[in-house]
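Everything on this sheet refers to the single structure shown next.
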Number of protein chains: 2
Amino acid sequence: MASPSAAHAVQPLSLDRLKTACSTCGLRELCLPVGLSGEELDRLDNLIYLRKSIKKGTSIYRAGERFDALYAVRAGFFKTTVLLEDGRDQVTGFYMGGELLGMDGIGTEKHTCDAVALEDSEVCIIPFGRLEELSREMHNLQHHFHKVMSREIVRDHGVMMLLGSMRAEERLAAFLVNLSQRFLARGYSPSEFYLRMTREEIGSYLGLKLETVSRVFSRFQDEGMLSVQQKHVRIIDIPRLRALMGQRPC
Amino acid sequence: MASPSAAHAVQPLSLDRLKTACSTCGLRELCLPVGLSGEELDRLDNLIYLRKSIKKGTSIYRAGERFDALYAVRAGFFKTTVLLEDGRDQVTGFYMGGELLGMDGIGTEKHTCDAVALEDSEVCIIPFGRLEELSREMHNLQHHFHKVMSREIVRDHGVMMLLGSMRAEERLAAFLVNLSQRFLARGYSPSEFYLRMTREEIGSYLGLKLETVSRVFSRFQDEGMLSVQQKHVRIIDIPRLRALMGQRPC
DNA sequence: CGCGCTGTTGAAACTTGTCAAAGTTTGTGG
DNA sequence: CCACAAACTTTGACAAGTTTCAACAGCGCG
C-alpha cells in the first residue's frame, strides 16, 4: 500500500515559470497546445501551472482513485496497467513526452488503471474541470482535446487489432515500428533507442509471455533485422519489420 | 465499391418529429441526452433532427470516408471493423440502442473503421461541428460527451485485457456477460437473447477462430451453463460465467 | 425446393505457454 | 568500491491451447 503521491512534491512554477510554460515547452507541437494562438497559449499556461516529479516505479494515479486532472508527460516514460479481479494485470499503454494520461477517469470520475513511471519522470497537471471551462471559451482547444481523445480510441483499436489477429512476430514488429515512429516525432533516433520497459511489460502489452518476447527478439536478431542487447535496440531493417506486420514497406 | 449510402434515404423528421425527438426517445437515459434539463433537451432536439435507416449488411460509414458526424443507434445493431493492409480485418466493437458510433473519426477527420448494420437499423445523425458548438454553451452536454468518449476508451481497455490475458472460455464468458448486461440496461431479458452476429464475427472480436467459438459454446452447453441453438442463447448460470472470466460471482 | 451461408465436430499441426536452469545486469549495503 | 542479492534475460524441452483442414448438418433466402 505504498502511497507514492507523498514521495514527490507538487511544485508550483514560481521562478521556473518561463521555462516550464506550455508556450516555451519543447513538446508543445505534440501536446495539448497544438494549434493555439499566442494569446490562447497564455490562457492555457494559466491553467497548467503545476507539475510533478514522479520517481521511477511510483505512480501518478492508481485505479480507484478519484479523477480530477489529466497529466501531460513532460519528460520520462510511463506505462498504464489495469488489474483484473483475480490478480492478473495487463499493460494497456506506454506514454512518452507530450502524450496525455488519465482520460480513462473522465467517465466514472475514478481512474480505472495505474499510471506508473518507468524512469524518473515529470508531468504537467491539467485540472480537468478548468480544462472543460477553458475549452468552452476556446474553440481550438476544445476541438484539439476531442482529437486527442479520439486518437486514443484509434490507438486502442490498433492494439486490439494487434492482439486479436497478429502472431507473436507481427506483434513485436508492430510494437517496435510504433515506438520508432514516436521517437522520431520527438527528435530522437528512430532506429536506435533504449527500451524503458522489461520483457515482461512488453509481453503483457502484446499479450505474450516474456519468454516469447525474448525469443522473438533473438529471432529478429538472427535474421539481421535488428540488434538487441538487453534494453538497447538498434533497428537495421525497418522495411522488413513493416512488411512483417502486414503493412507496405514504406 | 458498393455505395450503401445511396441505398437508404436521409429523412428529415417533419411530421414524425415528436416521436423521434431526443426528448421523447426511449433511449434518452442511455444516450447523449443524459443529465440534460428540459430546455437543454429542446436545444439538442434542434441539432439532432436527421435520422437514417441502415439496411442489414450496409454501412453508416466506411474507413477513409470523411468524418463530420457522430451517429446514435436508435434501433438495431452494429459492428465496427478495421481493415489491415494485408486484407485481414477485425471486429472492434458491437453497438446497440443508445450507443454512439463514429468517435474514431474525430482525430483525423476521417473514419478509421467501417460501421456495419447487423440487422435493419436506424441511427440519429449528430453533426459534430454543431455538437461542439452546443457543448460550448451547455456545460452538461459537454461533460457528458466527454464521459461517453472516456467510457469508450475504458471499454477498449477491457477488450485489450480480454484479448491479451484471457483464454478462449474466459473471453466468450466475458463477451456474454457484457451483452447480457447491456440487454438488461435496455429493458430486455439479460438471460435470453438472439445474437445478431455470426460465430465468425464473435471470433473476430474475441481474437478467436469461428470454430473455437463454436466449440466453446458447445462446451458451455454441455456443462449446463447455457443453451444455444444457432443465434438463440439462454444463459442458465450467470454466476458461473462471471466466475470464469475472473470476476466475483456477483 | 435447392443452393449457399452458417454452424458443428473431429483429427492433426502449429504456435505459444510452462517449467527449469543458467547467465547477465543492476542496485544496495557493508 | 566491492560483493552479494535481486531482478531481468536468454535458452531448452515439453505441454497445452488454439488453429487449420475437412466433412457434414441445418437453416433460410430467393
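Throughout, a chain's letter reflects where its sequence line sits, starting with A, and its residues are numbered from 1.
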Of the candidates C:dG17, D:dC27, D:dT18, the side chain of A:Leu208 sits closest to C:dG17
Ring centres of A:Phe94 and A:Tyr205 under 6.0 Å apart?
yes
Scan B:Ser214 against the nucleic acid and name what it touches under 4.0 Å (heavy atoms): base, sugar-phosphate only, or nothing.
base
Nearest whole angstrom, please: distance from the C1' of C:dC14 to the CD of A:Glu170.
14 Å
Just call it for A:Gly203: base, sugar-phosphate, or nothing, with non-hydrogen atoms closer than 4.0 Å on any strand.
nothing
Figure out the CZ/P separation between A:Arg199 and C:dG23, and round it to whole Å.
19 Å
Please check if the side chain of B:Ser121 supplies one atom and the backbone of B:Phe77 the other of a donor-acceptor pair under 3.5 Å.
yes
Would one find a side-chain N or O of B:Lys209 under 4.0 angstrom from OP1 or OP2 of D:dC21?
no
Any base atoms under 4.0 Å from B:Leu210, or only sugar-phosphate, or nothing? Heavy atoms, all strands.
base
What is the separation between atom CG on A:Leu195 and atom P on D:dT10, rounded to the nearest whole Å?
10 Å
Donor-acceptor pair, distance only, cut-off 3.5 Å: does the side chain of B:Asp104 make one with the backbone of B:Thr112?
yes
How about A:Phe193 and A:Tyr188: are their ring centres within less than 6.0 Å of each other?
no
Return the value, rounded to whole Å, for the distance between atom CD of B:Glu211 and atom P of C:dT8.
11 Å
To the nearest Å, how far apart are B:Lys231 NZ and C:dC5 C1'?
9 Å
Which of C:dG27, C:dT6, C:dT16 is nearest the side chain of A:Arg167? It is C:dT16
Once you apply a heavy-atom cut-off of 4.0 Å, does B:Arg215 come out as touching a base, just sugar-phosphate, or nothing?
base
Taking atom P of C:dG7 as reference, at what distance in whole Å does atom CG of B:Leu172 sit?
13 Å
Could you check how far CD of B:Glu200 sits from C1' of D:dT18, rounded to whole Å?
16 Å
Does A:Ser218 make a side-chain N or O approach to OP1 or OP2 of D:dT11 shorter than 4.0 Å?
yes
Under the 6.0 Å and 45° cation-pi test, does B:Arg62 pair with B:Phe67?
no
Please tell me which of A:Glu169 and B:Gln229 maps to the more 5' nucleotide of DNA chain C, matching each residue to the nucleotide holding its nearest heavy atom.
B:Gln229
Would one find a side-chain N or O of B:Thr212 under 4.0 angstrom from OP1 or OP2 of D:dT19?
yes
Atom pair distance, as rounded to whole Å: CZ in A:Arg196 and P in D:dA7:
23 Å
